[in-house]
Amino acid sequence: MQLYDSVKKAKVPFEPIKEKEVSIYVCGPTVYDDAHLGHARSALAFDMLSRTLKALGYRVTLCKNFTDIDDKIIKKVEETGKSLEEITQYYIERYLEEMHRLGIQRADIEPKATESMDAIEHMIEKLIDKDCAYVVSNGDVYFDTSKDPHYGEISHKVHDDEENLSRVEHNSEKRNPKDFALWKACKGGEDICFDAPFSKGRPGWHIECSAMIEKHFEGNGTYSIDIHGGGADLLFPHHENEAAQSRCATGHELAKYWMHNGFVQIDGEKMSKSLGNSFFLKDALKVYDGEVLRYYLNSVHYRNDFNFNEEDLLTAKKRLDKLYRLKKRLLPGKASSVNKDFKAALLEAMADDLNISVALAHIDEMVANANEQLDTNPKDKALKKETLANLEFVDTLLGFGGKEPYSYFQIGVDEDLKAQIEEKLQKRASAKAAKDFATSDAIRDELTAMGIAIMDTPEGTVWEKI
RNA sequence: GGAACCAUCGCCAAGUUGGUAAGGCCGCAGCCUGCAAAGCUGCUAUUCGCCGGUUCGAGUCCGGCUGGUUCCUCCA
């Protein structure tokens, strides 16, 4: 297995800190709003990583947190009058439900910041004891970046010009401009506060990840976890700060490998609320099937930026359709065992820093070959069984192609419409039998107008929703 | 202003250690079909933003330029 380490900026061989075991921590969402396509991209990237590692025989422990205490959540509490728990619970459930529709496997550990306060406070105290952090007069606790000689090595940020920083950091009793908050003392009565030895308040964003990692992983004394992942925008300052805190608190490095996924863009620009171009997952899922979205979002390598565009999505769907059309030809039947070469080719592709494009090309090739052989020998049972096994392997490794094919092509068609279609097909069959092609073609046109494509096969006429 | 990443066929998109351009969509021709659709077969970049350099050989390495995106502030 080779992975691109965004800190080393190179593809490196993956060697877990413990034999055949992998610990992964991915920065999850701050739950104050619905998930957008960018959240989906990140979740998808690390889902692929986890599936690939499992297929390669590793025991994977995936941890993805929920940031459920944060300024934006508090703002939402104030705006809506709802409780913090109501809001965060709502968005956590939505997130999990939507990710499930994308075929994303649940993380093994899903910690919430509010449920990790003991670990967070403990780490802050440790940092204060070591003089790596300090409390200022209002109760805020800051991390002293000057105490970490390695600060900046994650994001490769050298000494910044003071000008820039002073623009951002006004007043404050910070020792260094780059110091960041570990703990924010509560200011007003409306604040949601936790009691801590240093002050009443709440944790800063960076500390929770470090604390949760220490809480849930034991590491090996050199690294706490194998892989730390997240969106490319988290590299700085979030991951830089995490690494610094953990280094100072534990005396060892946080993660052996750092992986970052690229952005989803709309019209060539990063999707963001401030630009008003964010695309919520829930809206995409209203129009497109989750599996199609999964396939589409995975058609570009996880590190590259992804330009979302409906035309490309439809192209991706056509590609997935072909896989399901093949599956139709295979059923009913039972899978035997996956073709060894096919399996090896897919694993090899994915083991190369998750080269999904090569994997998809192998699948296309397998599909075309199977179709070709079935054209010449439609009753090749052994081939059918093996191909079915191949598709099962694809589903396990990449998370698509697992549906029953007829239902795949009938997504969004209700029983009523289904009955209408069947009726029209009956009429068309009789017309065809009577060689009344004018009528049969007219019926076909009607179906096309309804968004239904039909195809005559030796086994009868089948239909698909376009 | 500082830093990073990217630039491959009409569109999407692979291409670690330099060795002579995967795959998909679209298009064209053919097989199949009552006709279609689906499926299959064949064809479709002497060329990888531009200019130099290193090399027997570069999309791949080096330098410069142009264009795009991102980060430096909350962000997947």
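Throughout, protein chains are lettered first and strands after them, A, B, ... in sequence-line order, and every chain is numbered starting at 1.
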Item to check | For B:C65, the Watson-Crick or wobble counterpart (both distances under 3.5 Å) | outcome: B:G49

Contacts under 3.5 Å, N or O only, protein and nucleotides 16-18 of chain B:
none

Checklist entry - B:G34 and B:C43: how far apart are their P atoms, nearest whole angstrom? => result 29 Å

Checklist entry - Given the C1' atoms of B:G49 and B:C5, what is the spacing between them in whole Å? => result 16 Å

Checklist entry - Whole-Å distance between B:G39 P and A:Asn369 CG? => result 15 Å

Next on the checklist: Let me spell it out: for each of A:Asp70 and A:Glu464, pick the nucleotide of RNA chain B with the closest heavy atom. Which residue's pick is nearer the 5' end?
Outcome noted: A:Glu464

Item to check | Nearest-angstrom distance, P atom, B:C26 to B:C40 | outcome: 12 Å

Checklist entry - Between A:His239 (NE2) and B:C71 (P), how many Å, whole number? => result 14 Å

Checklist outcome for this item: Between A:Arg94 and A:Asp34, the two heavy atoms sitting closest are NH2-OD1, 3.5 Å

Checklist entry - How far does the P atom of B:U17 sit from the matching atom of B:G27, given to the nearest Å? => result 36 Å

Checklist entry - Does A:Arg329 place a side-chain N or O at less than 4.0 Å from the phosphate oxygens OP1/OP2 of B:G39? => result no

Next on the checklist: Please give the distance between the P atoms of B:C11 and B:U46 as a whole number of Å.
Outcome noted: 15 Å

Item to check | Donor-acceptor under 3.5 Å (A:Glu208 side chain, A:Ala113 main chain) | outcome: no

Item to check | Steps toward salt bridge (Lys or Arg N to Asp or Glu O under 4.0 Å) verdict (A:Lys184, A:Asp140) | outcome: CA-CA 5 Å; A:Lys184 294 178 178 177; A:Asp140 285 355; over 6 Å; no

Item to check | Heavy-atom pair with the smallest gap, counting every atom of A:Leu397 and A:Met350 | outcome: CD2-CG, 4.1 Å

Item to check | Between B:C74 (C1') and A:Tyr32 (OH): distance, integer Å | outcome: 8 Å

Checklist outcome for this item: Residue set satisfying side chain to side chain contact (heavy atoms under 4.5 Å, CB included) with A:Glu79, at least two apart, ordered chain then number -> A:Lys75

Checklist entry - Does any N or O in the side chain of A:Thr461 come within less than 3.5 Å of the main-chain N or O of A:Thr457, such that one atom is a donor and the other an acceptor? => result no

Next on the checklist: So for atom NZ, which belongs to A:Lys427, do other residues, nucleotides or ligands contribute more than 12 heavy atoms lying within a distance under 6.0 Å?
Outcome noted: no

Tabulate atom names and distances for all N/O pairs under 3.5 angstrom spanning the protein and nucleotides 4-10 of chain B.
| residue | atom | partner | partner atom | Å |
| --- | --- | --- | --- | --- |
| B:A4 | O3' | A:Lys9 | NZ | 3.3 |

Next on the checklist: Taking the ring centre of each residue, are A:His206 and A:Phe180 less than 6.0 Å apart?
Outcome noted: yes

Checklist entry - Which base, if any, makes a Watson-Crick or G-U wobble pair with B:C9, both distances under 3.5 Å? => result none

Item to check | Atom C1', compared across B:G59 and B:A14: separation rounded to whole Å | outcome: 12 Å

Next on the checklist: When you measure from the side-chain N and O atoms of A:Asn261 to the phosphate of B:A76, is any distance below 4.0 Å, counting only OP1 and OP2?
Outcome noted: no

Item to check | Pairs involving residues 375-387 of chain A, ordered by first then second residue, that meet salt bridge (charged side-chain N to carboxylate O under 4.0 Å, His left out) (sequence neighbours left out) | outcome: A:Arg329-A:Asp375

Checklist outcome for this item: note: A:Asp305, atom CG; B:A14, atom P; distance rounded to Å ~ 11 Å

Checklist entry - Now, which nucleotide makes the Watson-Crick or G-U wobble pair with B:C40, with each of the two distances under 3.5 Å? => result B:G30

Next on the checklist: Strictly under 4.0 angstrom, non-hydrogen atoms only: write out the protein contact profile of nucleotides 27-37 of chain B, one letter per nucleotide from the 5' end, B, S or -.
Outcome noted: -------BBBB

Next on the checklist: Counting the atoms with a prime plus P, OP1 and OP2 as sugar-phosphate, which does A:Gly38 contact under 4.0 Å by heavy atoms, base, sugar-phosphate, or nothing?
Outcome noted: base

Item to check | Interatomic distance, A:Glu311 CD vs B:C11 P [rounded to whole Å] | outcome: 11 Å

Item to check | side chain to side chain donor-acceptor pair (under 3.5 Å) assessment of A:Asp68 paired with A:Thr114 | outcome: CA-CA 6 Å; A:Asp68 63 344; A:Thr114 54; 2.5 Å; yes

Next on the checklist: Mind checking if A:Val462 touches a base, just sugar-phosphate, or nothing, with heavy atoms under 4.0 Å?
Outcome noted: nothing

Next on the checklist: Centroid separation under 6.0 Å, is that true for the rings of A:His36 and A:Phe279?
Outcome noted: no

Next on the checklist: If you take the centroid of each ring, where Trp contributes its six-membered ring, are A:Phe66 and A:Tyr95 closer together than 6.0 Å?
Outcome noted: yes

Item to check | Closest-nucleotide ordering on RNA chain B, the 5'-leading residue of A:His36 and A:Ser299 | outcome: A:Ser299

Next on the checklist: Please determine whether a side-chain nitrogen or oxygen atom of A:Asn371 lies at a distance below 4.0 Å from atom OP1 or OP2 of B:A38.
Outcome noted: no

Checklist entry - Can you name the residues that form a ring-ring contact (aromatic ring centres under 6.0 Å, His included) with A:Phe46, not counting sequence neighbours? => result none

Checklist entry - How would you list, by chain and number, every residue that makes a side-chain hydrogen bond (donor to acceptor under 3.5 Å, both in side chains) with A:Glu404, sequence neighbours excluded? => result none

Item to check | Distance flag, aromatic centroids of A:Phe263 and A:Phe306, threshold under 6.0 Å | outcome: no

Item to check | Any pair counted as ring-ring contact (aromatic ring centres under 6.0 Å, His included), so long as it reaches residues 445-466 of chain A, sequence neighbours left out | outcome: none

Checklist entry - Quick check: does any side chain N or O of A:Asn390 sit under 3.5 Å from a backbone N or O of A:Val338, one acting as donor and the other as acceptor? => result no

Next on the checklist: Tell me which nucleotide, if any, is Watson-Crick or G-U wobble paired with B:A22 when both distances must be under 3.5 Å.
Outcome noted: none

Next on the checklist: Generate the contact string for nucleotides 19-25 of chain B. Rules: B means base contact, S means sugar-phosphate contact only, - means no protein heavy atom under 4.0 Å.
Outcome noted: ---BSSS

Item to check | C1' atoms of B:U69 and B:U55, separation to the nearest Å | outcome: 33 Å

Item to check | Shortest side-chain distance from A:Asp312, nucleotide among B:U69, B:A76, B:C12 | outcome: B:C12

Checklist outcome for this item: Paired to B:G1 by Watson-Crick or G-U wobble criteria (both distances under 3.5 Å) is B:C72

Item to check | Closest nucleotide among B:G39, B:C12, B:C74 to the A:Arg325 side chain | outcome: B:G39

Checklist entry - P atom, B:C65 versus B:G10: distance in rounded Å? => result 28 Å

Checklist entry - Just how far, in rounded Å, is P of B:A13 from OH of A:Tyr295? => result 14 Å

Checklist outcome for this item: The complete set of salt bridge (charged side-chain N to carboxylate O under 4.0 Å, His left out) pairs with one or both residues in residues 285-310 of chain A, sequence neighbours excluded, reads A:Asp47-A:Arg294, A:Asp283-A:Lys286, A:Asp289-A:Lys403, A:Glu291-A:Lys403, A:Arg303-A:Asp353

Checklist entry - Got a sec? Which of residues 103-114 of chain A come in under 4.0 Å of RNA chain B, heavy atoms? => result none

Checklist outcome for this item: Contacts of A:Lys76 meeting side chain to side chain contact (heavy atoms under 4.5 Å, CB included) (sequence neighbours excluded), chain-then-number -> A:Asp33, A:Thr80, A:Ile87, A:Tyr91

Item to check | d(CZ, A:Phe46; P, B:A76) in whole Å | outcome: 13 Å

Checklist entry - Who is the Watson-Crick or G-U wobble partner of B:G57, with both distances under 3.5 Å? => result none

Checklist entry - Given atom CZ of A:Phe308 and atom C1' of B:C12, what is their separation to the nearest angstrom? => result 14 Å

